[in-house]
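One structure is given below, encoded as structure tokens.
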Amino acid sequence: MPRRGLVAGPDFDNFNRRYFTPSEVAEHNQPEDLWVSYLGYVYNLTPLVQEFKGNLLLKPILEVAGQDISHWFDPKTRDIRKHIDPLTGCLRYRTPRGRFVHVPPPLPRSDWANDFGKPWWKGSNYQVGRLSAKTRNIRIINTLTSQEHTLQVGALESMWEILHRYLPYNAHAASYTWKYDGKNLNMDHTLAENGILDEEEEFDYLNMDGTLHTPAILLYFNDDLTEL
């Protein structure tokens, strides 16, 4: 099907978002669709789960589906935290939930195969993007239809990435001029770079409910629905 209404900008058919919010990660919490985040990045472990389906070593991973597991890792080495095993006196991975995939057993075993290459947490094969450390709510108002939607977005996302989030509500979102406070937004910049400041801390300082004031971006239709 030909696309319609797209003006100058990224090719959204092959667009990859850089940031994901914690709530988005939490939505992927099933064995057939399992994401986790750690040390600022988001990982899709669904292929790993499929590869080891039925293996008891998956249990600790399935238990944290959709969660942030940064506490499993040493932020300096970016490796699983280690401790002295009281049984052997050797330095071993610390796994309070139990040993999981690619963690060696505490004692030598004939059925342990270590020819898998890098353990899943050391490679970038499963990485899908960065975790948004700070999120914001914004309102997007379509001045043509008067429809309004509130989105949770990452503070470091560009306006193009925010537009990509908005596409499910309006497939022709790129055919609109995006404005705030009467000024055209630079779609390559973030909200803050466009002058849409995050006033959450100020509201907290004044003991006011910041949810009562969510910045509104206005969309003005360009009347450009030519087929590309």
Side-chain angles (χ1 to χ4, degrees), residues 9-53 55 57-82 93-103 116-138 140 149-169 173 187-194 196 198 200:
D11 176 9
F12 286 108
D13 287 341
N14 301 292
F15 187 78
N16 292 317
R17 290 212 336 256
R18 297 175 300 161
Y19 292 94
F20 295 88
T21 66
S23 60
E24 286 179 303
V25 177
E27 293 173 358
H28 302 269
N29 58 9
Q30 300 298 321
E32 61 275 8
D33 180 23
L34 193 155
W35 290 19
V36 296
S37 62
Y38 56 89
L39 302 179
Y41 288 87
V42 178
Y43 298 83
N44 178 4
L45 299 186
T46 307
L48 180 75
V49 174
Q50 293 174 343
E51 180 182 353
F52 290 90
K53 186 176 182 180
N55 194 318
L57 294 180
L58 275 180
K59 186 173 181 291
I61 296 175
L62 296 176
E63 291 176 341
V64 297
Q67 301 178 30
D68 186 85
I69 56 172
S70 295
H71 58 284
W72 287 16
F73 297 86
D74 182 331
K76 293 183 179 178
T77 63
R78 304 188 71 85
D79 198 2
I80 302 293
R81 293 182 183 273
K82 297 180 179 179
Y93 285 125
R94 182 177 179 273
T95 55
R97 289 180 174 268
R99 190 165 69 92
F100 49 83
V101 174
H102 294 169
V103 170
F116 49 78
K118 286 185 178 181
W120 61 263
W121 62 87
K122 285 190 175 181
S124 59
N125 297 340
Y126 304 111
Q127 190 180 114
V128 294
R130 298 183 66 97
L131 182 69
S132 293
K134 174 69 175 176
T135 60
R136 301 180 56 180
N137 288 330
I138 58 168
I140 299 180
H149 297 89
T150 299
L151 301 183
Q152 184 185 69
V153 304
L156 296 179
E157 293 181 12
S158 71
M159 295 306 305
W160 284 123
E161 290 170 301
I162 294 174
L163 187 152
H164 185 264
R165 286 183 180 277
Y166 178 66
L167 282 177
Y169 304 102
M187 302 302 285
D188 293 315
H189 289 177
T190 64
L191 291 169
E193 290 170 340
N194 274 296
I196 309 175
D198 185 357
E200 181 180 341

Heavy atoms only: give me the nearest [X]-[Y] pair and the separation to one decimal.
X    : Y    : answer
P168 : H164 : CD-O, 3.9 Å
T190 : L156 : CG2-O, 3.6 Å
V103 : R99  : O-NH1, 2.6 Å
N55  : L57  : OD1-N, 2.9 Å
A173 : L167 : CB-CD2, 4.0 Å

Practice item. With sequence neighbours excluded, give me every salt bridge (Lys or Arg N to Asp or Glu O under 4.0 Å) pair touching residues 154-163. Key: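 Residue pairs passing salt bridge (Lys or Arg N to Asp or Glu O under 4.0 Å), neighbours aside: R18-E161, E157-R165.
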
Interatomic distance, [X] atom [atom1] to [Y] atom [atom2] [nearest 0.5 angstrom]:
X    : Y    : atom1 : atom2 : answer
L39  : I69  : CG    : CD1   : 8.5 Å
L48  : L34  : CG    : CG    : 9.0 Å
L191 : I138 : CG    : CD1   : 5.0 Å
L151 : Y166 : CG    : OH    : 8.0 Å
E24  : T135 : CD    : OG1   : 10.0 Å

Exercise for review: Would you check if the distance from the ring center of H102 to the ring center of F52 is below 6.0 Å?
Suggested key: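 Yes, the ring of H102 comes within the 6.0 Å limit of the ring of F52, centre to centre.
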
List the residues meeting side-chain hydrogen bond (donor to acceptor under 3.5 Å, both in side chains) with [X], not counting sequence neighbours, and say none if there are none.
X    : value
N194 : none
T150 : none
N29  : none

Exercise for review: Find out whether V25 and D68 are in side-chain contact, i.e. whether some heavy atom of one side chain is under 4.5 Å from a heavy atom of the other.
Suggested key: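 Of all side-chain heavy-atom pairs linking D68 with V25, none is under 4.5 Å.
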
Review point. Out of Y38, F73, F20, which residue meets the ring pair (Phe, Tyr, Trp, His ring centres under 6.0 Å) rule with Y43?
Key: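 When Y38, F73, F20 are each tested with Y43, the ring pair (Phe, Tyr, Trp, His ring centres under 6.0 Å) holds only for Y38.
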
[X]: partners by side chain to side chain contact (heavy atoms under 4.5 Å, CB included), with sequence neighbours left out:
X    : answer
H28  : D33, W35
A155 : K134, R136
Q67  : V64

Review point. Side chain to side chain contact (heavy atoms under 4.5 Å, CB included) between R81 and T95: does it pass, once the steps are laid out?
Key: CA-CA 8 Å; R81 293 182 183 273; T95 55; over 6 Å; no

Practice item. List for me each residue that meets salt bridge (Lys or Arg N to Asp or Glu O under 4.0 Å) alongside R97, sequence neighbours excluded, and say none if there are none. Key: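 E63.
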
Contacts under 3.5 angstrom, residues 118-133 side chains, donor-acceptor by atom type, not counting sequence neighbours:
from	atom 1	to	atom 2	distance (Å)
W120	NE1	V101	O	3.2
W121	NE1	D79	OD1	2.8
R130	NH1	Y41	OH	2.7

